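First the structure, in the form of structure tokens, and then the observations on it.
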Amino acid sequence: MPAEEYAHIALKYNELEPDVMRERATLFAELMQRRRSVRHFSDRPVPQDLIEKAILTAGTAPSGAHREPWHFVAVNDSALKVQIRVAAEREEREAYTRRMSKEWLEALVPLGTDWHKPFLETAPWLVVCFAKNVGDDGRKNYYVQESCGIACGLFIAALHNMGLVTLTHTPSPMRFLGEILQRPKHERPYVLFPVGYPDPDATVPDLHRKNIAQLVTWL
Ligand code: IYR
């Protein structure tokens, strides 16, 4: 049976004065410039309602045919976090010592990462985004990778905006997440985000971002 068309309603659009646009654009760009991927977490608890707000924000992402091809699992349970750390480190150790190419390992040298993932136990929350190639109604989803990528970007921005830190972690392969978290077969783990407060002694690599000339070609 074909799906029915949505009713079309008037757009709620709030036009801003140009100086207000500029002020807000500047503040948001400055806020986002301060975002860093963090690998050293404090074990300070974070209330569930904050995680919920970030997931609701992620869920505002545009998606192919508005199929919303994502599902988030938010893990606060210590035993589950230990299980995830053990399984992730098993895969990562294998990846770093055998599976990753010399070229790949060299690309990671500036970041100083290795197979140890203590943050999977320390961070109060592990949030996993699962990508769904098929919806719960059995119909196919479209642009699943793109849609989930955008949703995860909004999730990261929402966390940063509320003063929490995270890391886009993709242990490879990460099938084990579907098993530990008991997700159905048609859901594929997309990204794992440890979320929390930074460790007071957290450090980050002193990296720099592309400037505007490097970022854009104006035609
Ligand atoms: N998944 C591994 C390796 C890794 C890969 C990339 I590309 C990074 O930007 C960072 C790490 C890990 O998490 O260590």
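Just so it is clear, the model here is predicted, and its values are computed rather than measured. Indexing begins at 1, ligand by ligand and atom by atom, following the structure's order.
L126 and Y190 sit in two unconnected hydrophobic clusters of ILVMFWY residues. Membership requires side-chain heavy atoms under 4.5 Å apart, directly or through other members.
Numbered from 1 in the order shown, with element, the atoms of ligand 1 that lie under 4.0 Å from a heavy atom of K117 read 12 (C), 13 (O), 14 (O). Using a 4.0 Å cut-off to heavy atoms of H169, the atoms of ligand 1 that qualify are 13 (O).
With T113, L108, L192 as candidates, the residue nearest to atom 4 (C) of ligand 1 on a non-hydrogen basis is L108. Nearest residue to atom 2 (C) of ligand 1 from R39, E92, M100, E91 is E92 (criterion: closest heavy atom).
Nearest heavy atom pair, residue F155 against residue I55, reads CE1-CG1, 3.8 Å.
Neither the backbone nor the side chain of W115 comes within 4.0 Å of ligand 1, counting heavy atoms alone.
Of the listed residues (R183, M174, Q145), just one forms a side chain to side chain contact (heavy atoms under 4.5 Å, CB included) with R188, and that residue is Q145.
Atom 3 (C) of ligand 1 has as its closest protein heavy atom Y96 OH, 3.3 Å.
Taking the centre and axis of the six-membered ring of F130, the NZ or CZ atom of K132 falls outside the cone set by 45° and 6.0 Å.
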Verify salt bridge (charged side-chain N to carboxylate O under 4.0 Å, His left out) between E91 and R99, making sure each step is shown before the conclusion.
CA-CA 10 Å; E91 294 295 359; R99 286 197 292 254; 2.8 Å; yes
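Ring planes of H66 and Y6: perpendicular class, angle over 60° (limits at 30 and 60°).
Residue S172 places no N or O, backbone or side chain, under 3.5 Å from any N or O of ligand 1. Checking only distances, W104 never comes within under 3.5 Å of ligand 1, N or O to N or O.
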